[in-house]
Amino acid sequence: MDQLPARRLDPRMLRVWYISDIVAMVVVAALAVAAWLAVRHFGGDVFWVYLAAGVLELVCVGDLLISPRVEYATWRFDVTPTEVDLYHGVFVKKRVLVPLVRVQHVQTKQGPILRAHGLATVTVSTAGESFEIPGLAEGDAGELRDRVAELARLAREDT
């Protein structure tokens, strides 16, 4: 396989992934409390609630400790005059080449956590699928969106 793409995500994306994982852990804990209350109210055995909640929280903690660092270390991308090259994955590494002639639209988006950290996600959409490049500085995301849109327009004109 060719050389991996060179561009990396903004380092602040690591913090965003940590925060997202912590939010998921809080949601799981809240659901566990709700399940515990429901089981107690109806007179059931709360042991299974404790067991399920404990297993889910262990999975969340494991994800918190491993996934963000590995995901950040492997996420790479490049934009050439003919394609968008994406490489990422924690357990399964994924390499995607998106031909610019197939690009229908490009957009940037921000959720509240990304916005609070000055980051944005660029989404490249084709007729069949959408591909995201998460965790770029807002200015870089806007520039990348505009560059991909312009290169896609030029690629369509050349065909």
Side-chain angles (χ1 to χ4, degrees), residues 1 4-79 83-98 102-146 148-149:
M1 189 175 269
L4 292 177
R7 294 186 64 187
R8 302 185 76 98
L9 303 180
D10 189 290
R12 293 174 288 181
M13 190 59 192
L14 189 57
R15 192 174 336 139
V16 168
W17 279 327
Y18 280 128
I19 292 169
S20 296
D21 283 354
I22 289 169
V23 167
M25 288 174 63
V26 169
V27 168
V28 167
L31 291 173
V33 168
W36 178 78
L37 290 171
V39 169
R40 290 243 358 217
H41 177 71
F42 294 111
D45 186 5
V46 294
F47 168 77
W48 298 108
V49 175
Y50 289 137
L51 181 65
V55 168
L56 283 174
E57 285 298 330
L58 283 174
V59 169
C60 287
V61 168
D63 184 54
L64 175 72
L65 295 174
I66 296 169
S67 291
R69 287 194 179 280
V70 174
E71 187 75 20
Y72 179 76
T74 59
W75 236 114
R76 298 168 183 263
F77 69 97
D78 267 330
V79 176
E83 63 196 13
V84 177
D85 187 358
L86 307 171
Y87 178 80
H88 61 94
V90 175
F91 297 109
V92 176
K93 305 297 186 214
K94 186 175 182 180
R95 180 94 183 251
V96 179
L97 300 174
V98 183
R102 301 277 187 216
V103 172
Q104 290 190 334
H105 69 276
V106 186
Q107 67 182 10
T108 54
K109 64 180 180 179
Q110 288 179 305
I113 299 173
L114 285 174
R115 189 174 314 116
H117 288 85
L119 300 174
T121 296
V122 175
T123 304
V124 178
S125 299
T126 65
E129 220 173 329
S130 291
F131 305 92
E132 289 189 347
I133 304 171
L136 301 176
E138 286 181 70
D140 294 343
E143 289 174 16
L144 183 66
R145 178 201 57 222
D146 295 345
V148 170

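Along the sequence shown, the residues carry numbers beginning at 1.
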Shortest non-hydrogen contact from [X] to [Y]?
X	Y	result
Pro5	Arg76	O-CD, 3.3 Å
Leu14	Arg69	CD1-N, 3.7 Å
Val103	Val124	CG2-CG1, 3.6 Å
Asp10	Tyr72	O-CE1, 3.5 Å
Gly135	Thr121	N-OG1, 4.1 Å
Gly118	Arg12	O-NH2, 3.8 Å

Does [X], at its [atom1] atom, have more than 12 non-hydrogen atoms belonging to other residues, nucleotides or ligands within less than 6.0 Å?
X	atom1	value
Arg115	CZ	yes
Arg102	CZ	no
Lys94	NZ	no

**OP:** Would you confirm whether Ser125, through its side chain, and Gln104, through its main-chain N or O, come within 3.5 Å as a donor-acceptor pair?
**Re:**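 No.
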
Subject >> Short side-chain to backbone donor-acceptor contact, Arg8 and Ala73, under 3.5 Å >> reply: yes

**OP:** Could you note down all residue pairs passing side chain to side chain donor-acceptor pair (under 3.5 Å) where residues 51-67 supplies at least one of them, sequence neighbours left out?
**Re:** Asp63-Ser67

Original post:
Considering the options Val79, Val84, Leu136, Val148, which one meets the side-chain contact (heavy atoms from CB on, under 4.5 Å) requirement together with Val122?
Top reply: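 Single pass found, and it is Leu136.
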
Subject >> Trace of the side chain to side chain contact (heavy atoms under 4.5 Å, CB included) decision for Leu4 with Arg95 >> reply: CA-CA 9 Å; Leu4 292 177; Arg95 180 94 183 251; 3.9 Å; yes

**OP:** Drop me the distance from Leu86's CG to Glu132's CD, to the nearest 0.5 angstrom.
**Re:** 10.5 Å

**OP:** Using a 4.5 Å cut-off on heavy atoms from C-beta on, say whether the side chain of Asp78 contacts that of Tyr87.
**Re:**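 Answer no - side chains too far apart.
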
